Amino acid sequence: MSRPLLMVVVLSAAALSALSGILSASMVYLGGKDLADENVRNAVDSDPSAVGLPADTQSADLKRMSGTAWDDVVTHWQDTMSARAAFAVALALLVLLCAVLARKASLWSRVTLSVAALLAGAFPHLLVLRDAPPTGLYATSLAAPVLAVVTVVLCWLPPVGRYARARSRS
């Protein structure tokens, strides 16, 4: 029995979701302290009250007034971003493993893929999107949950179920 095109699309969407998670994690690791600095500046400049500062505060003012405190905040944020990136890689690898296991579309493998994809798409990418990330990181972190939802929706369409039933009968 040949694999239907929809099943190929499901597996491709899962793989792309995982790869976007790995790409965003790579951006965090490669961007290092500069990326963390840009992220903190974006957060302060876009909505200072969200980070507990007066509404008219600018990141340049904070950096100029207290350079060492700014460096401490950036270093702490870099650590947070690195921890999230490690979770993103681990969950992306789990999605890839579940996608490989779901090639035959059995019920248990589709359930596992659905849970793994939604978990990998939700954490840490939704946290990253909330934190005013730089544009490249925003794009890759947005792609992961969108593709995860696409994966789950496609995974449960009737043609995939029919393919699974046909595979189990043969």
Side-chain angles (χ1 to χ4, degrees), residues 1-43 46-47 50 77-170:
M1 162 165 285
S2 67
R3 184 173 290 134
L5 179 62
L6 184 60
M7 195 61 211
V8 173
V9 174
V10 167
L11 298 175
S12 298
L16 288 173
S17 177
L19 291 176
S20 67
I22 291 170
L23 181 59
S24 68
S26 299
M27 292 173 75
V28 167
Y29 291 131
L30 294 173
K33 196 167 186 168
D34 291 338
L35 184 70
D37 185 84
E38 184 179 352
N39 197 183
V40 171
R41 276 188 285 117
N42 287 351
S46 66
D47 189 8
W77 189 244
Q78 182 184 7
D79 294 343
T80 300
M81 290 176 71
S82 293
R84 288 179 181 175
F87 277 111
V89 169
L91 291 171
L93 293 175
L94 177 64
V95 170
L96 288 175
L97 175 66
C98 291
V100 168
L101 296 173
R103 290 179 317 207
K104 295 182 180 178
S106 64
L107 180 64
W108 69 268
S109 65
R110 287 184 289 150
V111 168
T112 306
L113 177 60
S114 297
V115 171
L118 290 176
L119 184 61
F123 182 79
H125 300 290
L126 294 181
L127 294 174
V128 171
L129 293 173
R130 180 188 59 129
D131 293 331
T135 305
L137 186 57
Y138 182 86
T140 56
S141 288
L142 181 61
V146 168
L147 288 166
V149 169
V150 168
T151 299
V152 172
V153 169
L154 294 177
C155 189
W156 295 101
L157 289 178
V160 175
R162 286 192 296 270
Y163 172 67
R165 283 189 297 280
R167 294 265 330 163
S168 67
R169 279 187 249 136
S170 60

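Here the structure is a predicted model, which means the values were calculated and not measured.
- Sorted by first and then second residue, the side-chain hydrogen bond (donor to acceptor under 3.5 Å, both in side chains) pairs involving residues 108-123 (not counting sequence neighbours) are Ser106-Trp108, Ser106-Ser109, Ser114-Trp156.
- Nearest heavy-atom pair across Pro145 and His125 is CD-CB, 3.9 Å.
- Every pair passing side-chain hydrogen bond (donor to acceptor under 3.5 Å, both in side chains) that includes a residue from residues 78-93 is listed here, sequence neighbours excluded: Arg84-Asp131.
- More than 12 heavy atoms of other residues, nucleotides or ligands sit less than 6.0 Å from atom NZ of Lys33.
- Annotation: side chain of Val152 is in contact with side chain of Leu118 (closest heavy-atom distance under 4.5 Å).
- Residues Asn39 and Pro134 meet the side-chain proximity criterion, which asks for heavy atoms closer than 4.5 Å.
- Atom CZ of Phe87 sits in a sparse spot, with 12 or fewer heavy atoms from other residues, nucleotides or ligands closer than 6.0 Å.
- The salt bridge (charged side-chain N to carboxylate O under 4.0 Å, His left out) test applied to Asp37 returns Arg41, Lys63, not counting sequence neighbours.
- Looking at Pro133 and Asn42, their side chains never come closer than 4.5 Å, going by heavy atoms from C-beta outward.
- Every residue was checked against the ring pair (Phe, Tyr, Trp, His ring centres under 6.0 Å) condition with Tyr138, not counting sequence neighbours, and none meets it.
- Considering CG of Leu113 and CZ of Arg103, their distance stands at 12.5 Å, rounded to 0.5 Å.
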Would you tabulate the side-chain donor-acceptor contacts of residues 5-19 under 3.5 Å, counting partners in other chains and residues two or more places apart, or write 'none'?
from, atom 1, to, atom 2, distance (Å)
Ser12, OG, Val8, O, 2.8
Ser17, OG, Ala144, O, 3.0

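- Not counting sequence neighbours, Tyr29 has no partner by the ring pair (Phe, Tyr, Trp, His ring centres under 6.0 Å) test.
- For the atom pair CE (Met27) and OG1 (Thr140), the distance works out to 5.0 Å, reported to the nearest 0.5 Å.
- Here the side chains of Ser141 and Ser24 are in contact, with some heavy-atom distance below 4.5 Å.
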